[in-house]
2 protein chains.
Amino acid sequence: MANTLRAIPLSTVERLSIYLRTLRESLVEGMDFISSTEIGKRNDFTAAQVRKDLSCFGNFGIKGTGYQISELINTLETILGLDREWKVAIFGLGKLGGALACYKGLKSARFNVVAIFDVDPKKVDKTYKNIPVYHSDMLKKVVREKKIQIAIIAVPTDSAKATIQRIIDAGIKGILNFTEARVPYPDEYILKNVNLAGELESISYYLIHSDL
Amino acid sequence: MANTLRAIPLSTVERLSIYLRTLRESLVEGMDFISSTEIGKRNDFTAAQVRKDLSCFGNFGIKGTGYQISELINTLETILGLDREWKVAIFGLGKLGGALACYKGLKSARFNVVAIFDVDPKKVDKTYKNIPVYHSDMLKKVVREKKIQIAIIAVPTDSAKATIQRIIDAGIKGILNFTEARVPYPDEYILKNVNLAGELESISYYLIHSDL
DNA sequence: TTTTAATTGTGAATTCTATCACAATCTATT
DNA sequence: AATAGATTGTGATAGAATTCACAATTAAAA
Ligand SMILES: NC(=O)c1ccc[n+]([C@@H]2O[C@H](COP(=O)([O-])OP(=O)(O)OC[C@H]3O[C@@H](n4cnc5c(N)ncnc54)[C@H](O)[C@@H]3O)[C@@H](O)[C@H]2O)c1
Ligand SMILES: NC(=O)c1ccc[n+]([C@@H]2O[C@H](COP(=O)([O-])OP(=O)(O)OC[C@H]3O[C@@H](n4cnc5c(N)ncnc54)[C@H](O)[C@@H]3O)[C@@H](O)[C@H]2O)c1
């Protein structure tokens, strides 16, 4: 057990985030222990799924009792890498980039936005919500100096491919892309695409194909 | 073949959206036909995957030649339900709700934002980007009158559970939720959660667990 | 101390998903 | 008209993910 190096499926990792949220919620409710059944019930997973996911990383539960909540929170935070501060940059200070820069959920999860990049002369060389805004030309220099590790892409789709390529070249290994552009990337990089239109399109599909 | 009623996996439906984007892109590039290999290459799927996904809905290709692009675009739009206008409401005109209301990708995909709901007296009973902003108390009445079919949730997480419950009660069957709240919902409803913090947390996980 | 009830961790079974591999078929060329 | 080259559609196969089911263990009650 507890071989965190062997490839864990993305779906498992994504569920760990969900379990973590549930654990924090139940801690706030004043609970001390929680069972796999209860974690599952709150998220619509089976209890076996919850246990199997956790067992990829170790034996954290107590038979007959369940999981000690605050302890499992710490464990999951460590597994997910939330026991350190991540330095994040946002690319594109438009509607979406601005919203993301304000998003409380980031900082509280140790994702610290330390730089914003844009090309609009009206926006660069100022600060936005106390975060410095740089011209994209400064990318490599700022990334090196600030040790930025994660990039969030919110530039117009047209400029996304070039932007992402430059981010890869600068050595930022974690990228979250909100644009429509799809860019090939090296194996040791992580690039996740958030496809809002796609989400709505699958809702549309199921709305018309569920026999109401 | 072509049994659109038998349950199609979500993963297939989500890929259809991706194929559709690729088809539109290749049409703009001036292509007439495209092979499953090429669709796959542009998105990092195998050719067999592309063909099998499409074959769930019918035989659209020409052997030796590939798929006629404009025809397949129409077909996929019909399958996904993009051959009609969807009436969408956004709940919460904050940073994120405001960004979504401006998002071009929605309207171009036939998702028409016809109402915004908020509770802030400074925001309600005005318009935002020509979209009327209503007080949330008006939910049931406005939903009925405007025949709203899809809801996007961008209210603070604290008010999300109650908001979603009221949306379900009002009979809106398709819901896209951007908050942390997780709410049980009836079978014939579609509720998709977009979990931004979770996306970053899985990036964090893979950054520390890939043996660099 | 013994019994009862709860719950974990996990190998085995099952279900779901993706890939392989090839006959069938189409176009273009000779 | 025959041949070569490309590509589809799909049954069979392989692989991945989920669920089942139960021995093992713990806490609490009798
Ligand atoms: N608005 C939304 O809610 C939403 C939702 C999902 C996805 N998206 C996608 O996110 C992206 C941004 O959307 P938006 O609505 O914020 O657009 P926007 O036009 O409001 O903002 C784009 C910003 O990027 C800047 N920019 C342009 N080129 C740049 C470059 N090369 N480097 C750095 N910055 C650059 C612009 O100056 C502008 O400030 C788009 O690709 C869009 O499809 C938006
Ligand atoms: N900002 C982001 O980039 C971002 C990203 C991902 C998820 N989220 C989530 O989206 C939600 C909104 O985030 P935000 O940054 O836009 O917050 P915000 O505070 O800017 O906006 C919230 C809006 O909702 C309104 N509101 C409050 N109660 C309401 C109710 N009962 N009905 C209707 N409207 C109500 C408020 O008046 C405000 O206008 C939060 O749950 C947040 O976690 C935000």
Side-chain angles (χ1 to χ4, degrees), chain A residues 1-4 6-19 22-23 26 31-69 71-73 75-76 79 202 205-206, chain B residues 1-19 22-23 26 31-73 75-76 79 202 205-206:
Chain A
M1 314 97 237
N3 182 344
T4 57
R6 183 159 356 283
I8 302 287
L10 176 60
S11 47
T12 294
V13 176
E14 289 181 338
R15 283 191 299 267
L16 293 187
S17 287
I18 296 175
Y19 304 156
T22 302
L23 292 166
S26 53
M31 297 168 65
D32 282 337
F33 287 86
I34 192 168
S35 67
S36 57
T37 310
E38 179 62 22
I39 296 175
K41 201 174 287 168
R42 294 190 183 206
N43 296 291
D44 210 30
F45 301 129
T46 64
Q49 175 89 83
V50 175
R51 294 199 299 276
K52 187 133 266 184
D53 284 341
L54 293 174
S55 77
C56 293
F57 299 95
N59 297 353
F60 308 124
I62 301 168
K63 297 187 183 189
T65 303
Y67 300 88
Q68 213 266 307
I69 292 172
E71 202 174 273
L72 188 55
I73 287 175
T75 303
L76 289 184
I79 291 170
S202 46
Y205 173 87
Y206 285 109
Chain B
M1 324 88 242
N3 183 345
T4 56
L5 294 173
R6 184 158 357 282
I8 303 286
L10 175 61
S11 47
T12 294
V13 175
E14 288 181 339
R15 283 191 297 268
L16 294 186
S17 287
I18 296 174
Y19 303 156
T22 302
L23 292 165
S26 53
M31 296 167 66
D32 281 337
F33 288 86
I34 192 168
S35 67
S36 56
T37 310
E38 179 63 21
I39 296 175
K41 200 173 290 169
R42 293 189 184 209
N43 296 290
D44 209 28
F45 300 130
T46 64
Q49 175 87 82
V50 175
R51 294 199 298 277
K52 187 132 270 179
D53 283 341
L54 294 173
S55 77
C56 293
F57 299 95
N59 298 353
F60 308 124
I62 301 169
K63 297 184 184 191
T65 303
Y67 301 88
Q68 213 267 308
I69 292 171
S70 61
E71 204 173 273
L72 187 54
I73 287 175
T75 303
L76 288 185
I79 291 170
S202 47
Y205 173 88
Y206 285 109

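Order of the sequence lines sets the chain letters (A, B, ...), proteins ahead of strands, with each chain counted from 1. No hydrogens, no waters, no symmetry mates; every other heavy atom, side chains included, goes into these values.
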Check whether any side-chain N or O of A:Ser36 sits under 4.0 Å from OP1 or OP2 of C:dT7, and answer yes or no.
-> no
Assign each of A:Gln49 and B:Ser35 the nucleotide of DNA chain D bearing its closest heavy atom; nearer the 5' end lies the nucleotide of B:Ser35
Between CG of A:Leu10 and P of D:dA17 the distance, given in whole Å, is 10 Å
note: A:Asp32, atom CG; D:dT26, atom C1'; distance rounded to Å ~ 17 Å
Residue set satisfying side-chain contact (heavy atoms from CB on, under 4.5 Å) with B:Ile62, at least two apart, ordered chain then number -> B:Phe33, B:Thr65
OP1 or OP2 of C:dG9 less than 4.0 angstrom from a side-chain nitrogen or oxygen of A:Arg51, does that happen here? no
In whole angstroms, the gap separating C1' of C:dT8 from CZ of A:Phe57 amounts to 18 Å
note: A:Leu54, atom CG; C:dT10, atom P; distance rounded to Å ~ 11 Å
Taken to the nearest whole Å, CG/A:Asp53 to P/D:dT19 is 10 Å
d(A:Ile39 CD1, A:Thr46 OG1) to nearest 0.5 Å is 12.0 Å
ask   = Just by modelled atom types, is the B:Leu10 backbone N or O under 3.5 Å from a matching donor or acceptor in the A:Tyr206 side chain?
value = yes
- Task: Indicate whether the side chain of A:Thr22 and that of A:Arg42 have a donor and an acceptor atom separated by less than 3.5 Å.
- Result: no
Interatomic distance, CE@A:Met31 vs OH@A:Tyr67, rounded to 0.5 Å, equals 13.5 Å
Between CZ of B:Phe45 and P of C:dA18 the distance, given in whole Å, is 9 Å
Taken to the nearest whole Å, CD/A:Glu71 to P/C:dT8 is 14 Å
Problem set entry | Donor-acceptor pair under 3.5 Å, B:Lys52 side chain vs C:dT17 base | no
Original post:
With a 4.5 Å heavy-atom cut-off, do B:Val13 and B:Ile79 have their side chains touching?
Top reply: no
Do any side-chain nitrogens or oxygens of B:Arg15 fall under 4.0 Å of OP1 or OP2 in C:dT17?
no
Residues passing the salt bridge (Lys or Arg N to Asp or Glu O under 4.0 Å) test with A:Arg15, sequence neighbours excluded, are A:Asp53
Contact check, residues 61-69 of chain A vs DNA chain C, heavy-atom distance under 4.0 Å, returns A:Gly61, A:Ile62, A:Lys63, A:Gly64, A:Thr65, A:Gly66, A:Tyr67
Is there a side-chain contact between A:Asn59 and the phosphate of C:dT10, meaning an N or O under 4.0 Å from OP1 or OP2? yes
From CG of B:Leu72 across to C1' of D:dT8 the rounded distance in Å is 13 Å
